[in-house]
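Start at 1 with the first residue, then count along the sequence.
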Amino acid sequence: MPSRLNPYITFDGDARQAMEFYKNVFGGTLTLNTYGEFGQARGGGDNADKIMHAMLETDSGFTLMAGDVPPGMDFSPGTNIAVSVSGEDDAELRGYWGELSGSGTVSVPLEKQMWGDVFGMCTDGFGITWMADISERQA
């Protein structure tokens with residue numbers, strides 16, 4: 001899979017509804033993963049159905065990712081969109097991460113996560129939030 005660059009939007013509990021709306025607008029294939037599927041309920045067991053990660057891929061080549069606010073983090077309207085860079089090329093993506101995080105602030109260190117990928121989040125020197133996700137190469 002080649003590396004991709006796309007927006008990642010954070011919602012305050014309505015990611016499922018928003019992504020279903022965007023699917024109706026743009027078409028394509030929508031995948032939804034909940035916090036409960038990964039054994040992590042957002043703010044308690046009653047929120048296990050909140051979206052940890054959603055991805056809409058369209059026939060036009062658009063990719064939109066989203067999720068509900070992670071447990072323990074605050075929702076802040078106006079700063080709830082980031083740019084995601086992801087793929088399987090470890091060296092390429094770590095290079096991007098190094099440059100983007102080098103002049104900014106790391107909020108999530110680039111390391112192995114519970115879903116199996118290496119993931120990190122930072123804000124660059126210009127105030128833009130970036131997410132890097134390195135998945136294992138598929139055989």
Side-chain angles (χ1 to χ4, degrees):
M1 171 176 79
S3 297
R4 68 172 81 192
L5 181 77
N6 59 271
Y8 199 109
I9 305 170
T10 303
F11 293 94
D12 192 24
D14 56 357
R16 178 185 305 274
Q17 296 89 332
M19 292 302 285
E20 288 172 350
F21 170 76
Y22 298 137
K23 181 183 186 296
N24 286 334
V25 172
F26 298 111
T29 303
L30 176 61
T31 55
L32 300 166
N33 299 104
T34 65
Y35 283 100
E37 290 175 61
F38 288 93
Q40 186 180 30
R42 180 180 169 264
D46 59 336
N47 288 312
D49 63 337
K50 298 299 182 198
I51 302 301
M52 180 175 172
H53 178 71
M55 183 165 64
L56 175 63
E57 295 180 290
T58 74
D59 294 339
S60 298
F62 301 156
T63 301
L64 180 61
M65 295 182 187
D68 287 313
V69 179
M73 294 185 74
D74 293 325
F75 179 73
S76 181
T79 62
N80 57 325
I81 189 162
V83 182
S84 170
V85 59
S86 59
E88 298 173 347
D89 191 324
D90 188 85
E92 177 186 35
L93 293 165
R94 284 182 187 275
Y96 297 148
W97 172 259
E99 293 292 324
L100 292 165
S101 65
S103 65
T105 305
V106 173
S107 54
V108 177
L110 187 65
E111 59 190 21
K112 187 91 162 178
Q113 300 295 321
M114 67 180 152
W115 62 88
D117 293 355
V118 173
F119 174 84
M121 190 161 58
C122 68
T123 302
D124 69 18
F126 297 100
I128 303 301
T129 302
W130 292 86
M131 304 167 116
D133 188 276
I134 307 167
S135 56
E136 292 185 13
R137 290 197 183 271
Q138 301 299 316

Could you list the residues that satisfy side chain to side chain contact (heavy atoms under 4.5 Å, CB included) with [X], not counting sequence neighbours?
X	result
Thr29	none
Thr123	Thr129
Phe21	Val25
Asp89	Ser3, Ala91, Glu92, Arg137

Donor-acceptor list for residues 71-86 side chains, cut-off 3.5 Å, not counting sequence neighbours:
unit_1	atom_1	unit_2	atom_2	d
Ser76	OG	Thr79	OG1	3.2
Thr79	OG1	Ser76	O	2.8
Asn80	OD1	Gly78	N	3.3
Asn80	ND2	Thr10	O	3.0

- Query: Do other residues, nucleotides or ligands put more than 12 heavy atoms under 6.0 Å from Asn24 CG?
  - Reply: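 Counting other residues, nucleotides and ligands, CG of Asn24 exceeds 12 neighbours.
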
- Message: Listing request: all salt bridge (charged side-chain N to carboxylate O under 4.0 Å, His left out) pairs with a residue in residues 99-121, at least two apart in sequence or in separate chains.
- Response: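 Every pair satisfying salt bridge (charged side-chain N to carboxylate O under 4.0 Å, His left out) with a residue in residues 99-121: Lys112-Glu136.
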
Just how far is it from atom [atom1] of [X] to atom [atom2] of [Y], taken to the nearest 0.5 Å?
X	Y	atom1	atom2	value
Met131	Met121	CE	CE	5.0 Å
Leu56	Thr31	CG	OG1	8.5 Å
Glu88	Leu93	CD	CG	9.5 Å
Asp68	Tyr35	CG	OH	6.5 Å
Leu110	Ile134	CG	CD1	5.0 Å

- Message: So, using ring-ring contact (aromatic ring centres under 6.0 Å, His included) as the criterion, who are the partners of Tyr96 when residues are at least two apart?
- Response: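 Testing Tyr96 for ring-ring contact (aromatic ring centres under 6.0 Å, His included), a comparison that skips the adjacent residues, returns none.
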
- With sequence neighbours excluded, tell me which residues meet ring-ring contact (aromatic ring centres under 6.0 Å, His included) with Phe119.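 ring-ring contact (aromatic ring centres under 6.0 Å, His included) list for Phe119, sorted by chain: Trp115.
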
- Which atom pair, heavy atoms only, marks the closest approach of Leu32 to Ala54?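 Smallest heavy-atom distance, with atoms named: CD2-CB, 3.5 Å.
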
- Message: So which atom in Ala15 and which in Gly67 form the shortest heavy-atom distance, rounded to 0.1 Å?
- Response: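 Answer, listing the atom of Ala15 first, then Gly67: CB-C, 3.8 Å.
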
Can you name the residues that form a side chain to side chain donor-acceptor pair (under 3.5 Å) with [X], not counting sequence neighbours?
X	value
Asn6	none
Asp90	Arg94
Trp130	Asp124
Arg4	Glu57, Thr63

I want to check something: taking the side chain as every heavy atom from C-beta on, are [X] and [Y] in contact at a cut-off of under 4.5 Å?
X	Y	answer
Met19	Leu64	yes
His53	Tyr8	yes
Arg16	Thr34	yes

- Please state whether the rings of Phe62 and Phe26 are parallel, tilted or perpendicular, taking 30° and 60° as the class boundaries.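 Perpendicular.
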
- Item | Polar side-chain atom of Asn33 near backbone of Met52 as donor-acceptor pair, under 3.5 Å |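 Not a single qualifying donor-acceptor pair exists.
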
